[in-house]
Amino acid sequence: MKIVVIGGTGLIGSKTVAILGQGGHEVVAASPNSGVNTITGEGLKEAVAGAQVVVDLANSPSFEDKAVLEFFETAGRNLLPAEAAAGVRHHVALSIVAIDRTDNGYFRAKLAQEKLIVASGVPYTIIRATQFMEFLRGIADSSADGNTVRLPPILFQPIAADDVAAIVADVALAAPRRGIVEIAGPERAPFNEIVARYLRAVGDPRQVVRDPEARYWDGRVEERSLVPLGEARLGRIGLDEWLRRSRTKT
Ligand SMILES: NC(=O)c1ccc[n+]([C@@H]2O[C@H](COP(=O)([O-])OP(=O)(O)OC[C@H]3O[C@@H](n4cnc5c(N)ncnc54)[C@H](OP(=O)(O)O)[C@@H]3O)[C@@H](O)[C@H]2O)c1
């Protein structure tokens, strides 16, 4: 089966391409570097021709509110009609848990991406994941003021990129759900505690301060603002195991 992975060179994309390739499928890792660009439309028609499944794992180069909204809207408006014209049977996209009940600019852009998918007529599955463990440093950086990282004690349940890619590959090979599947890591704990554990483990001297008023990407958050509320498929890799694997890789 021909499967196109848009953003196939990224963190989740490259892992997903590897898993699907091992399964003997014809996998195309599509990205601007390989001449496929969802913003300009370059190479899109050729890439999706003959594909049964398209997995969209692209991300915006800029996280600024307006830029990220424009990225996901333009990409969806170019990609989804190209898929419909090519008769693609399953569009899989990676989104984020709670984007419809937690407000920040990036989440608004992901919600816009989801709406275009639902309206496109292409059979789809949207996978909403919690924050990736690989994103913990970025979260600490965005919440840091000098040596202090302020984070709220809300519930947090990060998932390892290896678990995300395994589930994305699995979903890509299954029938379209015409709905949302939620996925999360195996451990749920206060946000400030998880980031503090991560910083200590990697030898980062910054101190995490528990601050119930601290925001997440400038948006207000409450106890369950970032975790699945209902049933979720769980990854297998906990934070300690992920840290151990990260150490052996470097
Ligand atoms: N970070 C999190 O915690 C989190 C949680 C849940 C869901 N997600 C979602 O997961 C998805 C994947 O994230 P990631 O961290 O794996 O991304 P990433 O590592 O930043 O990779 C981004 C990919 O997008 C490609 N790309 C950029 N502009 C493109 C364009 N115009 N046309 C086609 N491809 C383009 C890049 O290609 P080049 O290599 O050629 O630049 C790269 O392959 C995103 O949609 C994100 O919203 C993230």
Side-chain angles (χ1 to χ4, degrees), residues 4-19 27-48 54-63 67-80 82-83 91-100 102 104-114 116-117 126-142 156-169 171-172 180-185 191 194-195 198 216-217 226-228 232-233 235 242:
V4 177
V5 181
I6 305 285
T9 53
L11 172 67
I12 307 298
S14 54
K15 291 176 187 289
T16 306
V17 165
I19 296 168
V27 189
V28 178
S31 78
N33 281 330
S34 64
V36 183
N37 192 317
T38 53
I39 300 304
T40 62
E42 182 200 357
L44 265 187
K45 194 173 160 204
E46 296 77 3
V48 299
V54 173
V55 184
D56 185 3
L57 301 173
N59 206 356
S60 169
S62 164
F63 284 12
V68 76
L69 181 64
E70 215 168 279
F71 178 88
F72 282 113
E73 286 190 334
T74 308
R77 288 193 182 117
N78 287 329
L79 178 59
L80 292 158
E83 288 180 31
H91 176 93
V92 178
L94 186 55
S95 190
I96 309 178
V97 164
I99 54 169
D100 50 351
T102 302
N104 66 57
Y106 191 83
F107 282 17
R108 284 195 289 276
K110 294 296 287 183
L111 201 55
Q113 177 191 21
E114 286 193 2
L116 288 169
I117 294 166
I126 291 169
I127 303 168
R128 284 188 181 171
T130 53
Q131 288 63 41
F132 306 155
M133 291 183 191
E134 286 74 3
F135 192 43
L136 288 172
R137 180 182 296 280
I139 289 172
D141 291 348
S142 78
F156 195 58
Q157 199 172 347
I159 184 166
D162 282 331
D163 275 334
V164 177
I167 296 172
V168 169
V171 167
I180 295 169
V181 178
E182 296 207 320
I183 68 172
F191 199 0
I194 290 189
V195 176
Y198 163 76
Y216 181 67
W217 296 110
L226 294 179
V227 291
R233 187 166 163 180
W242 177 79

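Just follow the structure's listing: the first ligand is 1, and inside any ligand the first atom is 1. Below, all heavy atoms of this structure are taken into account, side chains as well, without hydrogens, waters or symmetry copies. Since we're looking at a predicted model, the values are computed, not measured.
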Heavy-atom contact check, 4.0 Å cutoff: does Thr130 meet ligand 1? yes

With side chains defined as the heavy atoms from C-beta onward, is the minimum distance between Phe135 and Pro158 less than 4.5 Å? no

With atoms numbered from 1 as shown, which atoms in ligand 1 lie under 4.0 angstrom from a non-hydrogen atom of Gly10? 19 (O), 21 (O), 42 (C), 43 (O)

Got an N/O contact under 3.5 Å between Phe132 and ligand 1? yes

Positive for side chain to side chain donor-acceptor pair (under 3.5 Å) with Ser95, one of Arg128, Glu182, Glu114: Glu114

So which heavy atom in the protein is nearest atom 44 (C) of ligand 1, and how far is it from that ligand atom? Ala58 O, 3.4 Å

dist Trp242:CH2 -> Asp162:CG (nearest 0.5 Å) comes out at 10.5 Å

Going by distance only, is there an N or O of Asn37 that falls short of 3.5 Å from an N or O of ligand 1? yes

Between Pro61 and ligand 1, is there a nitrogen or oxygen pair with a distance under 3.5 Å? no

So CD1 of Ile180 and CD1 of Ile117: to nearest 0.5 Å the spacing works out to 9.5 Å

On a heavy-atom basis, I'd like to know which of Thr38, Thr40, Asn33, Val17 is closest to atom 41 (O) of ligand 1. Asn33

If we check side-chain contact (heavy atoms from CB on, under 4.5 Å) with Ile183, which of these qualifies: Val97, Ile159, Val171? Ile159

Which atoms of ligand 1 have any heavy atom of Ser95 under 4.0 Å away? 6 (C), 7 (C)

Heavy-atom contacts under 4.0 Å between Leu57 and ligand 1: side chain, backbone, both, or neither? backbone

Are any of the N/O atoms on Gly13, whether in the backbone or the side chain, positioned under 3.5 angstrom from an N/O atom of ligand 1? no

Look at the rings of Phe63 and Trp217 and say which category their plane angle falls in: under 30° parallel, 30 to 60° tilted, over 60° perpendicular. perpendicular

Mind checking whether Val36 contacts ligand 1 via backbone (N, CA, C, O), side chain (CB onward), both or neither, at a 4.0 Å heavy-atom cut-off? backbone

